[in-house]
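Read through the structure below, which is laid out as structure tokens, and then see the notes.
From a predicted model like this one, the values you see are computed outputs, not experimental measurements.
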Amino acid sequence: VQLQASGGGLVQAGGSLRLSCAASGRTFSSRAMGWFRRAPGTEREFVSAIDWKGGSTYYADSVKGRFTISRDNAKNTVYLEMNSLKSEDTAVYYCAVARNAYYSSSSYYTDVDQYYYWGQGTQVTVSS
């Protein structure tokens, strides 16, 4: 079982990137998925999440209006479209599989303990 995150890179402030997270070995179409990030010297923080159907999405306040999460269950892939990037978005981005298909409260989506499988991360660097 593997989660492969890709699409990171170096981009100027104001630019865009699209991250992908492809699962292989098993399907996660019945699980919510999330994106987290960790900047140097900081704790891992929630970025965005999506329920199993893709009908509900959640965002950290810091990325709301700039990032869009989506998923294609037929491809076993989740995406994170990142626009208007800022230097503070620089971090390693991780995708993760949640324990449940969805949660009744949005706070669960931000809790790292609700995710039981993690990808290896992809570096995003935004130059100012």
Side-chain angles (χ1 to χ4, degrees):
V1 179
Q2 189 174 20
L3 284 179
Q4 182 69 45
S6 61
L10 174 64
V11 64
Q12 288 189 329
S16 299
L17 284 173
R18 189 194 196 203
L19 305 184
S20 299
C21 176
S24 61
R26 63 167 292 180
T27 178
F28 294 114
S29 59
S30 62
R31 306 291 179 127
M33 300 283 292
W35 286 96
F36 288 74
R37 67 187 181 187
R38 177 180 285 163
T42 69
E43 296 292 320
R44 183 169 40 186
E45 66 170 352
F46 170 77
V47 176
S48 182
I50 188 168
D51 71 358
W52 71 289
K53 285 186 176 180
S56 295
T57 57
Y58 305 87
Y59 299 93
D61 288 342
S62 59
V63 307
K64 203 171 292 184
R66 301 187 297 120
F67 290 12
T68 303
I69 190 171
S70 61
R71 68 189 298 163
D72 185 336
N73 285 341
K75 296 182 178 179
N76 224 16
T77 301
V78 64
Y79 305 95
L80 186 68
E81 183 76 35
M82 306 187 296
N83 299 315
S84 302
L85 283 162
K86 306 175 181 180
S87 57
E88 52 262 45
D89 294 320
T90 295
V92 178
Y93 283 70
Y94 301 89
C95 60
V97 182
R99 300 178 187 278
N100 291 0
Y102 68 95
Y103 295 96
S104 56
S105 171
S106 60
S107 62
Y108 286 101
Y109 288 97
T110 68
D111 182 359
V112 297
D113 291 335
Q114 294 301 323
Y115 296 84
Y116 77 106
Y117 203 84
W118 294 81
Q120 87 290 355
T122 183
Q123 175 71 47
V124 171
T125 303
V126 183
S127 64
S128 56

*Taking atom OG of Ser30 and atom CG of Asp51, what is their separation to the nearest 0.5 Å?*
12.0 Å
*Can you measure from CZ (Phe67) to OG1 (Thr57) and round to the nearest 0.5 angstrom?*
14.0 Å
*asked:* Show the nearest heavy-atom pair for residues Arg66 and Leu85, with the distance to one decimal.
replied: NH1-CA, 3.8 Å
_Using modelled atom types and a 3.5 Å cut-off, is there a donor and acceptor pairing between side-chain atoms of Arg71 and backbone atoms of Gly54?_
no
*Is there a side-chain contact between Val124 and Met82, using heavy atoms and a 4.5 Å cut-off?*
yes
*Are any of the side-chain nitrogens in Asp61 or Lys64 under 4.0 Å away from the carboxylate oxygens of its partner?*
yes
*asked:* Using the side chain to side chain contact (heavy atoms under 4.5 Å, CB included) criterion, which residues pair with Ser62? Sequence neighbours excluded.
replied: Arg37, Ala60
*Closest heavy-atom contact between Gly8 and Leu19?*
N-CD2, 3.5 Å
*Measure from the side-chain N and O atoms of Gln4 to the backbone N and O of Gly119, and report whether any donor-acceptor pair falls under 3.5 Å.*
no
*How would you list all residue pairs meeting salt bridge (Lys or Arg N to Asp or Glu O under 4.0 Å) that involve residues 4-31, not counting sequence neighbours?*
Arg18-Glu81
_Option passing side-chain contact (heavy atoms from CB on, under 4.5 Å) with Lys75 (candidates Val78, Thr77, Asn73)_ = Thr77
_If you compare all heavy atoms of Ser128 against all heavy atoms of Ser87, which two are closest, and at what distance to 0.1 Å?_
CB-CB, 4.3 Å
_Rounded at 0.5 Å granularity, tell me how far CZ in Arg99 sits from CG in Asp111._
9.0 Å
_Donor + acceptor pair across side chains of Thr27, Asn76 (<3.5 Å)_ = yes
*asked:* To the closest 0.5 Å, what do you measure between OH (Tyr93) and SG (Cys21)?
replied: 14.5 Å
*Quick one: name the residues clustered hydrophobically with Tyr109, using the 4.5 Å side-chain heavy-atom rule over I, L, V, M, F, W, Y, and just say none if it's on its own.*
Phe36, Phe46, Trp52, Tyr58, Val92, Tyr94, Tyr102, Tyr103, Tyr108, Val112, Tyr115, Trp118
*Side-chain heavy atoms under 4.5 angstrom apart, residues restricted to Ile, Leu, Val, Met, Phe, Trp, Tyr: same cluster for Val47 and Tyr79?*
no
*Distance-minimising heavy-atom pair for Cys95 and Ala5*: SG-CB, 4.3 Å
*Compare every heavy atom of Thr90 with every heavy atom of Val126, then report the nearest pair and how far apart it is.*
N-OG1, 2.9 Å
*To the nearest 0.5 Å, tell me how far Gln123 CD sits from Leu10 CG.*
9.5 Å
*Can you check whether Tyr59's main-chain N or O pairs, donor with acceptor, with Ser48's side chain at less than 3.5 Å?*
no
